[in-house]
Structures are given as structure tokens and as C-alpha cells.
Amino acid sequence: MRCQDFQDRLERRWDDFQMRAHTEECPACQERLALVNWSRQVMLAAEQNVTPPAMAAVWAAVRRATNTSWEFSLTRSFRRLAPYLVAVTVLFIVVAAFQPGIVTSRPSRYASALAAGPDTKVASVLDPDLAPQKPGDVLGIGGR
Amino acid sequence: MLAPSLPMSGVLPELAAADDPDLALVLRVQQGDAAAFEELYYRHQAGVSRMVANFVRYPEVVPDLVQEIFAKVYLRFDSYSPRLPFRPWLYRVASNHCLDFLRHRRRQPLQVSTTMEDDPTREWTLPDPAGERMQARLVARDLAGKLLLELSPRDRMLLVLKEINELSLEEIGAITGLRLSAVKVGLFRARKRMLEKYRKSERELERRGKPQ
Ligand SMILES: [Zn+2]
């Protein structure tokens with residue numbers, strides 16, 4: 001019998017004639033046998049016995065785990081989305097800042113009205129205040 | 001240092017799921033049969049509780065851990081594939097859960113728990129690799145518990161699965177993700193380390209016992 005076969009059988013808790021014969025002639029396996037027996041005894045001495053929980057407690061744990069996993073996945077989804085939400089908001093603000101007529105609508109409107117010159121129709125549509133009293137009085141200084 | 005979580009994949013060819021005595025129940029649970037899950041629980045509650053109690057060694061948390069393990073298993077049945085028999089899969093979930101627990105608790109000092117066995121004066125013979133006959137008596141089982149606690153989680157897990165739960169080498173391989181040869185070597189080394197720790201504690205006792 002080879003030592004490897006002996007050790008394999010030993011771990012499988014075999015005990016046969018071949019093994020006993022082998023230990024008589026092989027000190028290494030004899031030592032191994034003693035080690036395995038000793039550690040088994042230590043394990044048995046150290047063994048703790050406990051009463052398993054009741055089935056109802058397991059179902060309660062299932063319910064808790066279900067709630068926790070639902071809350072967790074919700075939080076996790078939000079955490080995943082948060083950077084995108086921030087990015088989209090920042091992008092919106094940046095785009096809006098450069099878009100005439102969205103955030104800075106009033107100055108642009110005045111500017112375009114001024115550029116429109118004496119076109120009273122355009123000016124009055126944009127802002128009644130800008131409608132000149134008479135042609136050429138775009139800046140409202142005509143009556144002076 | 002704690003071992004990393006055990007892998008959740010990998011099947012040893014030695015373990016055939018077709019022979020799994022739990023397969024019929026597992027399939028029923030996957031169809032939503034709660035009674036089948038309860039039956040599986042009654043089948044495995046004692047084994048899992050023993051494994052958890054002896055691996056973690058905090059008796060006060062064992063019921064909670066066992067409940068959480070079975071809840072996890074119940075909620076993960078969708079992802080369970082019967083390529084691996086149910087028992088090793090269950091113990092794998094249990095092992096990972098215990099490792100997580102120990103990882104969270106590792107900063108707290110370990111306590112040596114006293115078992116509830118009614119034979120506190122068990123004695124055993126120590127092997128003597130050096131050749132000289134040596135006998136020692138371990139009066140308190142706390143010493144045995146202490147020896148087990150001083151091992152690394154990996155060594156302790158191997159010994160608990162083998163000696164307390166009496167699982168086969170193949171099942172231990174499937175639970176730990178180790179090859180069969182690695183399981184055997186791991187068990188041998190775990191035993192050696194336990195013996196070394198025992199000898200060290202004996203020397204320590206001897207040293208303290210000597211008059212100054
Ligand atoms: Zn040999």
C-alpha cells in the first residue's frame with residue numbers, strides 16, 4: 001500500500017487490514033494516524049451544540065431580507081443615477097446660460113429691438129415701451 | 001487574516017447532482033412551494049447550525065446567523081442551478097455568511113466559549129511525531145475551543161466541515177472551491193497547526209509553572 005492511499009483512506013475514515021499493516025511498517029503514516037485521531041478528539045471536545053431556530057423565525061428573516069433588499073436596491077439605484085442627474089442638471093444650466101430667450105431673455109430682447117431700428121411693428125410687438133412716438137425717435141428722444 | 005469569500009461557482013466532477021436526495025424538494029421550491037422549503041430546512045437545520053456554531057463560536061449569534069442563511073438561500077433559489085448538489089451549495093452560502101460576520105466582528109476580541117457537553121474531563125492522548133511517548137490531559141474543553149479559535153478561519157472551516165459535520169472530501173471541495181488534493185493538504189496542515197498551537201500552549205504553561 002502506498003502512503004498516499006493510506007492517507008486518502010484515513011481522511012475518509014476507513015479502517016482496514018491493509019491500513020493497519022501499513023502503519024506497522026511506516027512511521028510517517030503512523031504519525032499521521034496519531035495526528036488525525038488527536039485532532040478528531042480535540043474537535044469533539046470543542047464541539048458546541050446549539051438548538052436551531054424555529055421555522056417561523058426563518059420566515060421572519062425572509063421577510064426582513066426581502067424588505068432590506070428592496071430598500072437597498074432602491075437606494076442603490078438612486079446612488080447609481082445620482083451622478084447622471086447631477087451631470088444632466090449642470091449641462092442644462094450651462095446650455096440655458098448660452099441660449100438667448102431662456103435665461104437672459106430681457107437684455108437680448110432689448111438688443112434685438114434696438115437692432116431692428118425704426119421698424120415700429122417689430123419693436124411694438126416685442127415691447128410696447130420701445131415703440132417710438134414718431135419715425136426716427138427710436139431712442140425716445142424725439143420730443144426734446 | 002480572514003479568508004476571502006468562497007467562490008460561488010465551480011463544480012467538482014465527483015459530485016453528481018442527479019444523485020442529490022434534495023433535488024425533488026429543490027425543484028418544488030423553485031416552483032414556489034413553501035412547504036418544500038420547510039422540509040429542506042428541517043433536513044438541514046441541525047447540520048448548518050452545528051457548522052455555524054463551531055465555526056463562528058459566538059453561541060449568542062448562532063440562531064440569527066442560521067435564520068439569515070436560510071433566508072438568503074430561500075431568496076436565491078432562482079439563481080441556484082442543480083449542477084451542484086443542494087447541500088454543498090447550502091453550506092457554501094452558510095460559509096460565506098459566517099466569513100462576512102467574522103469580518104465585521106474581527107476588531108472585537110474573541111471570546112472562548114464553553115460548550116454544553118456534560119463531560120468536562122475528557123482526556124486524550126497526543127501524537128508524538130518526534131518519537132517520544134507523550135501523554136497529556138486536557139481538563140477543560142475550553143482549551144480545545146481555544147485551540148480551534150486560534151486557527152485561521154480557513155483551517156477552522158476545513159476541520160469543522162470534516163470532523164463536526166462529517167462531510168465528504170468532495171463536498172468540502174465543492175463548498176470551499178478547493179480541489180480534492182488541496183482539501184487533503186489543507187486538512188493535514190490545519191491539524192499540524194493545531195498541534196503546534198497546543199504544544200506552544202503546553203510550553204507556556206510549563207514555563208509559568210516553573211519556580212522563579
Ligand atoms: Zn506510509
Side-chain angles (χ1 to χ4, degrees), chain A residues 1-15 19 22-74 76, chain B residues 34 37-38 41-42 45-46 48-50 52-54 57 59 62-64 66-72 74-75 113-117 119 122-129 131 138 141-149 159-160 162-164 166 168-169 183-184 187-188 190-192 194-195 198:
Chain A
M1 184 182 220
R2 294 182 312 153
C3 292
Q4 209 182 335
D5 295 331
F6 174 87
Q7 287 159 15
D8 187 68
R9 288 186 191 187
L10 183 63
E11 283 300 355
R12 293 178 192 280
R13 291 174 180 260
W14 286 20
D15 181 13
M19 287 173 74
H22 182 81
T23 46
E24 275 170 26
E25 62 194 32
C26 178
C29 287
Q30 201 174 14
E31 186 185 312
R32 188 110 169 192
L33 173 68
L35 176 66
V36 168
N37 285 339
W38 174 78
S39 67
R40 277 179 187 159
Q41 286 169 0
V42 174
M43 293 301 290
L44 286 177
E47 186 177 351
Q48 293 188 342
N49 294 305
V50 288
T51 309
M55 191 68 233
V58 176
W59 285 124
V62 169
R63 279 191 297 277
R64 275 198 307 276
T66 312
N67 292 339
T68 314
S69 68
W70 186 81
E71 283 162 19
F72 176 72
S73 61
L74 202 72
R76 191 175 52 184
Chain B
F37 175 68
E38 294 195 350
Y41 174 70
Y42 292 127
Q45 56 169 356
V48 171
S49 299
R50 283 173 94 199
V52 172
N54 288 285
R57 305 196 75 79
V62 173
D64 283 351
V66 173
Q67 289 163 32
E68 288 160 15
I69 287 162
F70 277 95
K72 228 178 213 181
Y74 182 74
L75 296 170
S113 335
T114 310
T115 56
M116 271 83 78
E117 275 183 18
D119 174 21
R122 179 198 294 274
E123 57 186 79
W124 57 76
T125 312
L126 285 164
D128 184 18
L138 293 181
R141 81 197 46 208
D142 277 358
L143 181 52
K146 190 166 173 271
L147 283 177
L148 195 52
L149 260 181
L159 286 172
V160 167
K162 184 72 181 64
E163 305 302 347
I164 304 278
E166 297 185 7
S168 71
L169 297 172
V183 173
K184 290 181 200 167
L187 278 167
F188 175 67
R191 292 186 166 117
K192 281 285 252 195
M194 191 156 74
L195 180 61
Y198 173 72

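Only this structure's heavy atoms are used, side chains among them; waters, hydrogens and symmetry mates stay out. Chain letters run A, B, ... following the sequence lines, proteins first and then strands; every chain starts at 1.
Counting heavy atoms from C-beta on, the side chains of Phe188(B) and Ser39(A) never come closer than 4.5 Å. Side-chain contact between Glu47(A) and Arg50(B) is present, with heavy atoms from C-beta onward closer than 4.5 Å.
Of the two parts of Arg63(A), neither the backbone nor the side chain holds a non-hydrogen atom closer than 4.5 Å to a non-hydrogen atom of chain B. Heavy-atom distances place both the backbone and the side chain of Val160(B) under 4.5 Å from chain A. For a residue to count as touching a neighbouring chain, one of its non-hydrogen atoms must lie under 4.5 Å from one of that chain's; by this rule Lys72(B) does not touch chain A. At a 4.5 Å heavy-atom cutoff, the contact between Leu159(B) and chain A is made by backbone and side-chain atoms alike. Proximity to chain A (any heavy atom under 4.5 Å) is shown, for Ala34(B), by both the backbone and the side chain.
Salt bridge status for Glu163(B) with Arg13(A): present, with a side-chain N to carboxylate O gap under 4.0 Å.
Here the shortest heavy-atom pairing between Pro53(A) and Pro63(B) reads CG-O, 3.7 Å. For Leu169(B) against Glu11(A), the heavy-atom pair with the smallest separation is CD1-CB, 4.0 Å. Heavy-atom minimum distance, Arg57(B) versus Ala46(A): NH2-O, 2.7 Å.
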* Asked: Does the side-chain contact (heavy atoms from CB on, under 4.5 Å) test come out yes or no for Met55(A) and Tyr42(B), once each step is laid out?
  -> CA-CA 8 Å; Met55(A) 191 68 233; Tyr42(B) 292 127; 3.2 Å; yes
* To do: Start with the C-alpha distance between Val42(A) and Leu148(B), add both sets of side-chain angles, then the distance that settles side-chain contact (heavy atoms from CB on, under 4.5 Å), and finish with yes or no.
  => CA-CA 8 Å; Val42(A) 174; Leu148(B) 195 52; over 6 Å; no
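Checked against the 6.0 Å centroid criterion, the rings of Trp59(A) and Phe37(B) qualify as a close aromatic pair.
Atom NZ of Lys184(B) and atom CG of Leu10(A) lie 11.0 Å apart (nearest 0.5 Å).
Contact count versus chain A (heavy atoms, under 4.5 Å) is highest, among Ala71(B), Ala46(B), Ala190(B), for Ala71(B).
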